[in-house]
Undergrad: 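The structure's right below; bear with me while I get my questions together.
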Amino acid sequence: MIQVVAGIIIAYLLTYFLLPLVIRIAHDNQLYDIPDERKIHNPQVSSLGGIAIFTGIILSLLLVSDFNNYNSELQYFIAAFFIIFILGLIDDIFFLKAWKKILGQLLVTAMLTLKGNLLITNFYGFLGVHQLTHIESIYVSFFTIILLINSFNLIDGVDGLAGSIGFSACLLFGTFFFINNAAPYAVLALTVCGALLAFLMYNFPPAKIFMGDSGSTLIGLMCAILAIKFIESPGIQLYFNNYSTPAIAFGFLLIPLMDVLRVFALRIYKKQSPLAPDRNHLHHLLQNKGLSHTEITVTLLAAQFLFAGLTLLVRNLNLHTILSIQFIVYFSSVFILKKFIPVRKKLHIVRDEISEALVPDLKVYPIFPAKEKVSVREDS
């Protein structure tokens, strides 16, 4: 109990007091995130928030963790955190090509699976499969870790969203680890919560700083570790005695996981690269409907908690039934969003008339009389 509380407090305080320093250094050196076809924000916002998040989490873990109990795993976890953070930081400052990032993620995953023994060893009857061979475990674990790392990276497109989803997932995992006396993983999960809570104080709309790839990939990796340990933990398996832990872990991370799977499937269907940028993510769909950053973040965070609650509500059903319910509810929600939720029109008063040739679907209405030339922009 003391370790958990100390971990949360130390991670929160370190991250909270480091963030203004990072913002100041980024401002002095003009280290700002550049908007692109997937990101719309104030161009003078830094994407180096991952520095404070990483520092808060790592120092907290080093100070409060009991290395004697799980030193063989924790040393590889911390090494993986360092590698994924450095890769993300290089990308935030200089830019890395997609294949280089994937190569680095594969290196991290190889270290965790082959040396850290972070493996999914059982499907618990999913698709009729139970115990996996060692080679099968490695393949499944590789896919899971890489998928979760990139799911948080790709969902980080709206102020406060990745941090909020990461906080909710770690809070749920940490609570169950704590209840089942899995102290090392409770410390890890809730320490992340402390750091993300501090980060959200500066990242919730309007954001003063972004977590960047150094933060989003780090949080994705930590959630992957927590999800696999949740599935493989004997105490958790006894708590959910119908072997539904894979579906429950999936439910805790449903929004980022289903979002990246749906988008990748759409890109492959259109014969595009799965890593090609587009605007098909959930936060883009909500943004196209006219929702603000705050509304998008609150909506998807509420949806994440609702999916987690639904999963826990039906936890006594068999694995296939729980997964079927999750898929049906998710895709029904996306279908309703795309087909039946109306687009909210917005009017913006701007001082300079904007050319319709520069911004598609733009309507400009002059307002008279006015001392200065003023127009109103309508976003559809």
Side-chain angles (χ1 to χ4, degrees), residues 6-26 29 31 33 45-65 67 73-96 101 104-105 107-109 111-112 116 145 148-153 155-156 160-167 169-171 173-174 184-185 187-203 207-226:
I8 295 170
I9 293 173
I10 293 171
Y12 177 86
L13 292 176
L14 284 172
T15 305
Y16 185 82
F17 287 110
L18 278 173
L19 281 167
L21 178 61
V22 174
I23 293 171
R24 178 62 184 270
I25 292 172
N29 293 277
L31 299 173
D33 189 43
V45 178
S46 170
S47 60
L48 299 181
I51 296 174
I53 295 172
F54 172 78
T55 305
I57 292 172
I58 292 298
L59 288 181
S60 180
L61 288 175
L62 292 174
L63 289 170
V64 306
S65 295
F67 284 80
E73 291 183 350
L74 186 59
Q75 63 178 330
Y76 296 113
F77 292 173
I78 291 179
F81 298 158
F82 267 96
I83 295 171
I84 208 74
F85 166 72
I86 295 298
L87 280 171
L89 187 61
I90 293 172
D91 189 45
D92 290 332
I93 297 175
F94 301 107
F95 179 75
L96 274 178
K101 289 191 281 188
Q105 292 170 13
L107 172 64
V108 167
T109 305
M111 181 176 61
L112 288 173
I145 295 169
L148 271 166
I149 289 173
N150 287 286
S151 69
F152 274 88
N153 187 23
I155 205 173
D156 185 27
L161 181 56
S164 297
I165 297 296
F167 176 85
C170 290
L171 180 63
F173 283 126
Y185 306 112
V187 169
L188 174 59
L190 296 175
T191 294
V192 176
C193 287
L196 287 178
L197 185 60
F199 172 73
L200 287 170
M201 303 289 286
Y202 292 88
N203 180 244
K208 299 179 181 66
I209 192 167
F210 304 137
M211 66 169 61
D213 278 19
S214 60
S216 62
T217 55
L218 177 66
I219 299 306
L221 176 61
M222 290 178 168
C223 284
I225 291 171
L226 293 170

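Predicted model only: the values in this text are computed from it and were never measured. Note: hydrogens, waters and symmetry copies are ignored here, and every other heavy atom, side chains too, is used.
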Undergrad: For L87 and G104, work out which heavy atoms get closest and say how close.
TA: CD1-CA, 3.4 Å

Undergrad: Which heavy atom of S65 sits nearest to which heavy atom of V187, and what is that distance?
TA: OG-CG1, 4.2 Å

Undergrad: Can you tell me how far apart CD1 (I165) and OG (S151) are? Round to the nearest 0.5 Å.
TA: 10.5 Å

Undergrad: Is any side-chain heavy atom of L171 less than 4.5 Å from a side-chain heavy atom of L190?
TA: yes

Undergrad: Within this structure, what is the OG-CG distance for the pair S216 and D92, rounded to the nearest 0.5 Å?
TA: 7.5 Å

Undergrad: Looking only at heavy atoms, which two atoms of Q105 and N150 are closest? And how far apart?
TA: OE1-ND2, 2.8 Å

Undergrad: Measuring from N203:CG to D156:CG, what's the distance to the nearest 0.5 Å?
TA: 7.5 Å

Undergrad: Side-chain contact, heavy-atom cut-off 4.5 Å: L188 with P184?
TA: no

Undergrad: Check each of L196, L197, L200 against S164 using the side chain to side chain contact (heavy atoms under 4.5 Å, CB included) test, and report the only one that passes.
TA: L200

Undergrad: Which class fits the ring pair Y16 and Y12: parallel under 30°, tilted 30 to 60°, perpendicular over 60°?
TA: parallel

Undergrad: Hey, could you give me the CG/SG distance between L218 and C223, rounded to the nearest 0.5 Å?
TA: 9.5 Å

Undergrad: Can you name the nearest heavy-atom pair linking T191 to A11, along with the distance?
TA: O-CB, 3.3 Å

Undergrad: What distance separates M211 CE from L161 CG, expressed to the nearest 0.5 Å?
TA: 9.0 Å

Undergrad: Less than 3.5 Å apart, which donor and acceptor atoms pair up between the side chains of residues 48-61 and the rest of the protein, not counting sequence neighbours?
TA:
from	atom 1	to	atom 2	distance (Å)
T55	OG1	I51	O	2.7
S60	OG	G7	O	2.8

Undergrad: Between F81 and M222, is a side-chain contact (heavy atoms from CB on, under 4.5 Å) present by the stated rule, with each step listed?
TA: CA-CA 8 Å; F81 298 158; M222 290 178 168; 3.6 Å; yes

Undergrad: Evaluate the side-chain contact (heavy atoms from CB on, under 4.5 Å) criterion for residues L221 and F77: first the C-alpha distance (whole Å), next the side-chain angles of each, then the deciding distance (0.1 Å), finally the verdict.
TA: CA-CA 9 Å; L221 176 61; F77 292 173; over 6 Å; no

Undergrad: Mind listing the closest non-hydrogen atom pair of L19 and Y202 along with its distance?
TA: CD1-CD1, 3.4 Å

Undergrad: To the nearest 0.5 Å, how far apart are CG in D213 and CZ in F85?
TA: 12.0 Å

Undergrad: Please evaluate residues T217 and N153 with respect to the criterion side chain to side chain donor-acceptor pair (under 3.5 Å), reporting the C-alpha separation (whole Å), side-chain torsions for both, the decisive distance (0.1 Å), and the verdict.
TA: CA-CA 6 Å; T217 55; N153 187 23; over 6 Å; no

